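Computed over heavy atoms, backbone and side chain alike; hydrogens, waters and symmetry mates excluded. Because the structure is predicted, anything quoted here is derived from the model rather than measured.
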Amino acid sequence: MTSRWRKLAWQLCLCWVWLCWQPPAHARTEAAACATRMVSVMAARSNAASSQAPQHGWQAVTLPDNWAPRWPGYDGTVWYRITWATDCPLATPIALTIGSISMAGEVYSNQDLVWRDRHLQEPLSRSWSTSHYWILPQSSLHAAGHNTIWVRVVGLSELHPGLGALQLGSPDAMLQAHLQRNWDVRTLFWLNIILSAALGVMALAVWIPQRKRPLLGWYALVSLCWVLFISNGLLTETWPFPDNLAMARANHLAYIGYMASFSVFCWQLIESPLSRPHLLRLGWLMLAGALIIVTGPGWAPMQRIADLYTLLFLGNTAWVIWHALRTRRLQHQLVAACLVVMVSIGARDLLVVLEIWPSHKVYSPYTGLLFLLLSALLMRRRILQDAERIERFNQELRETVAQACEDLNTTLSEEHALALANAHLQERLQLAQDLHDGLGGQIVRSIMLVEQNDAPPSKERYLSMLKLLRDDLRQVVDSDGSIGAHAPTTPEEWMIPLRYRFVSLFDDLDIRSEWRAPADWCPPPSALQCMLLARVAEEALTNIIKHSHAHTVQVCLSYPEPGILLLYIEDDGLGFDAPATLRAGLGIGMSSMRARMERMGGQLQVHSRSGHTAIEATLPLAPRAPAPQRPSPDRPSARTAQIEGEVRPWR
């Protein structure tokens, strides 16, 4: 056992000893100046409707008295006649204390009424846990001889009917005895109720937002049932119940709820595995007991159910003790020790109630309070341990997140560097492609124009060619401007620059050209798509001028299907082996165009043989446009046949 837990155990023991110890009455009071003694105590049954003491049937009894063993099953009125004498002067005040009256009653000094309960018929007042104190009026006492105290008691046979201890003496001594009795049977219970309710409410407030802590919930339920059960002994009226039988049913229901929830709470406290079948069986047992209590006639079923749950409590205590001995854990041993103390004190108090143990003090409230405090301390320790585990987990989580963030930052930095390098490479590749497709083609056309003329071109012609080269170079460099540019309003407007650039070259080479285009866009392409088709057309026409030796060229723009824009270029030149050329890497321009078309979601197909070469650039303008079909190299494609009927010639 650690020093911390040893210190806690000693503190709990000292608290229990302090609560239980009370100095003897003779140490707190001065000796009486004169003696008062009881001569006889007699009891007799009476008619409940009569307010007068009976004349016959008196029997000698000893206080405190329970008439149930003497008159079994008797529910009604019993009169007690206490004859007493004193050697004190008549002017000396005499005080009377009665420890309890079960259930209701009235008190007379000789023939004068001293006190009366509010209800002497069902629903009876409940004076069984209330100590009474009066100073007897001097006018009711006899100057010489014996005096008589008459006590009328109305009780129920199942609720220990009778009269408690009665004392006569000096007012100071009787007042101290009265206060001590009230402390034992009322104040201590009220403190127990207040502390139990406060601890239960705190446990409930912590459990509601954290349902995963069942120990707190069971603790709150145990506290609630305990408060309902022990409050039965403090209530002086049966409200809101119609009679004492109904109130006893409610008290027994609170008792079985307390015993059942207390058993489950003990299992949770010693961390015993609790399965759903165990809870279901316990729930069915509680339901059966509740039904018997509610529907059963009389007091006997309630008492049998109470005995059954008392046996359940004893069995649970034995199991907890066995579990503590098996596990040898300090927390389990503390719970087992506290249960042993509770059972021992409870058995002793039961003997006191049955008037077998010669005492009038009960200690169960102290042990119940001790167990609640011990349970609260154990739960506090477990909550602190859980909080420490959560704090360690949070610290580990913070460290893991920090390491993950650091790794992520490193990875993102590396990816950013790779992305920058890739962007630079893409920009260089794009620039190379634009220079080849745009400026390169214009240079080739200018060279061909100069070579075809026998006489040197004029100054204006040179300036025109240089301006065209400057415009192409500016278009390549200023690529952002092309993104924000507007597309041509009509297909004819898109085709005019191409026709202007190549018709003169075709005429010089004696090549007949035919240009076809639809009247309107349907739907219109973007500026980038128009520029891409223009680059494809420039590359194809430049290759025809350089390599084909063709006599006829056809350039057709059409919509073979809705949302599909087709650029078809055909010539009757020498032709070439297109697959072999692409595999050998000789068609750099066409490969570049094909790559750019694929990036835009289009396709570029080249079909060539001797006397016939066709280039088809298909660009989808709608997201779900069907893929174009590959035409046969031996005959014109279906799109070529559609061109004849869909576009008008433009020469």
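- Residues forming a side chain to side chain contact (heavy atoms under 4.5 Å, CB included) with Ala205 (at least two apart in sequence, or on another chain): none.
- For Trp58 and His56, the distance between ring centers is not under 6.0 angstrom.
- Counting non-hydrogen atoms of other residues, nucleotides and ligands closer than 6.0 Å to CD of Gln55 gives a total of 12 or fewer.
- Listed by chain and residue number, Val340 satisfy the side chain to side chain contact (heavy atoms under 4.5 Å, CB included) test with Ser344 (two or more places apart in sequence, or in another chain).
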Q: Could you give me the CA-CA distance, side-chain angles and deciding distance for Ser140 and Asn110, then say whether side-chain hydrogen bond (donor to acceptor under 3.5 Å, both in side chains) is met?
A: CA-CA 6 Å; Ser140 66; Asn110 292 322; 5.2 Å; no

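- For Ala104 against Asp117, the heavy-atom pair with the smallest separation is CA-OD2, 3.2 Å.
- Summarising the geometry, atom CG belonging to Leu199 is positioned 12.5 Å from atom CG belonging to Leu204; distances are rounded to the nearest 0.5 Å.
- Residues in residues 314-326 take part in no salt bridge (charged side-chain N to carboxylate O under 4.0 Å, His left out) pair, two or more places apart or across chains.
- Looking only at side-chain heavy atoms (C-beta outward), Val264 and Phe262 stay at 4.5 Å or farther from each other.
- Residue Met174 holds its CE atom at 4.5 Å from CD of Gln167, rounded to the nearest 0.5 Å.
- The side-chain contact (heavy atoms from CB on, under 4.5 Å) with Thr317 is formed by just one residue from the set Leu339, Val335, Leu312; it is Leu339.
- Note that CD1 of Ile390 and CD of Gln395 are 14.5 Å apart. Values are rounded to the nearest 0.5 Å.
- Note: Trp267 and Trp319 have perpendicular aromatic rings, judged against thresholds of 30 and 60 degrees for the angle between ring planes.
- Contacts classified as salt bridge (charged side-chain N to carboxylate O under 4.0 Å, His left out) and involving residues 35-63 (residues at least two apart or in different chains) are not found.
- Atom CD of Glu237 is surrounded by more than 12 heavy atoms from other residues, nucleotides or ligands within 6.0 Å.
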(Q) Evaluate Met247 against Leu235 for side-chain contact (heavy atoms from CB on, under 4.5 Å), listing each step before the verdict. (A) CA-CA 10 Å; Met247 193 169 188; Leu235 299 177; 3.1 Å; yes

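- Between the CG atom in Asn147 and the CD1 atom in Ile149 there is a gap of 7.5 Å [rounded to 0.5 Å].
- With ring centers used as reference points, His146 lies 6.0 Å or more from Trp84.
- Nearest heavy atom pair, residue Tyr309 against residue Ala260, reads CE2-CB, 4.4 Å.
- For Glu122, the side-chain hydrogen bond (donor to acceptor under 3.5 Å, both in side chains) test picks out Asn244, with sequence neighbours left out.
- Side chains of Leu96 and Leu166 form a contact here, defined as non-hydrogen atoms less than 4.5 Å apart.
- When every heavy atom of Trp79 is checked against every heavy atom of Ser46, the shortest pair comes out as CD1-CB, 3.4 Å.
- Partner of Trp218 under the side-chain contact (heavy atoms from CB on, under 4.5 Å) criterion, out of Ser223, Ser263, Ser261: Ser261 alone.
- Nearest heavy atom pair, residue Ala53 against residue Trp150, reads CB-CZ3, 3.5 Å.
- The backbone N or O of Ala306 lies less than 3.5 Å from a partner atom in the side chain of Thr310, making a donor-acceptor pair.
- At least one donor-acceptor pair closer than 3.5 Å links the side chain of Asp243 to the backbone N or O of Ala246.
- Residues Pro161 and Val78 fail the side-chain proximity criterion, which asks for heavy atoms closer than 4.5 Å.
- Taking each heavy atom of Ile135 and Pro171 in turn, the nearest pair found is CD1-CB, 4.2 Å.
- For the pair Gln121/Val154, no side-chain contact is recorded, criterion being any heavy-atom separation below 4.5 Å from C-beta on.
- Among the candidates Arg181, His178, Gln180, the single residue satisfying the side-chain hydrogen bond (donor to acceptor under 3.5 Å, both in side chains) test with Ser131 is His178.
- Atoms NE2 and SG, from His332 and Cys266 in turn, are 11.5 Å apart once rounded to the nearest 0.5 Å.
- Annotation: salt bridge (charged side-chain N to carboxylate O under 4.0 Å, His left out) contacts of Arg392 (sequence neighbours excluded): none.
- A heavy-atom distance below 4.5 Å is found between the side chains of Thr77 and Arg152.
- For the pair Tyr219 and Phe265, the minimum side-chain heavy-atom distance is below 4.5 Å.
- Residue pairs meeting the ring pair (Phe, Tyr, Trp, His ring centres under 6.0 Å) criterion with at least one partner in residues 220-254, sequence neighbours excluded, are Trp226-Tyr258, Phe229-Tyr255.
- Shown here is Gln52, whose CD atom has no more than 12 heavy atoms of other residues, nucleotides or ligands within 6.0 Å.
- Annotation: side chain to side chain contact (heavy atoms under 4.5 Å, CB included) contacts of Leu224 (sequence neighbours excluded): Leu228.
- The salt bridge (charged side-chain N to carboxylate O under 4.0 Å, His left out) test applied to Arg116 returns Glu106, not counting sequence neighbours.
- Applying the salt bridge (charged side-chain N to carboxylate O under 4.0 Å, His left out) test to pairs two or more places apart or on separate chains, none has a residue in residues 90-103.
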Q: Apply side-chain contact (heavy atoms from CB on, under 4.5 Å) to Thr148 and Ile82, showing your working.
A: CA-CA 6 Å; Thr148 304; Ile82 299 95; over 6 Å; no

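- By the salt bridge (charged side-chain N to carboxylate O under 4.0 Å, His left out) test, Glu391 is found to be paired with Arg398, residues two or more places apart in sequence or in another chain being considered.
- You'll find the side chain of Trp71 reaches within 4.5 Å of the side chain of Gln59, heavy atoms only.
- Within the model, atoms CD1 of Ile101 and OG1 of Thr130 stand 9.0 Å from one another, a figure rounded to the nearest 0.5 Å.
- In terms of the side chain to side chain contact (heavy atoms under 4.5 Å, CB included) criterion, residue partners of Pro123 (sequence neighbours excluded) are, by chain and number, Thr238.
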Q. Would Ser139 and Asp112 satisfy side-chain contact (heavy atoms from CB on, under 4.5 Å), going step by step from the backbone distance to the final call?
A. CA-CA 9 Å; Ser139 60; Asp112 294 341; 4.3 Å; yes

Q.
Apply side-chain contact (heavy atoms from CB on, under 4.5 Å) to residues Leu124 and His119 and explain how you reach the verdict.
A. CA-CA 5 Å; Leu124 294 171; His119 301 289; 5.5 Å; no

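- Under the 4.5 Å side-chain criterion, counting only non-hydrogen atoms from C-beta, Met202 is not in contact with Trp207.
- Side chains of His160 and Ser102: a donor-acceptor N/O pair is absent below 3.5 angstrom, by distance only.
- For Asp87 against Ala35, the heavy-atom pair with the smallest separation is OD1-O, 2.8 Å.
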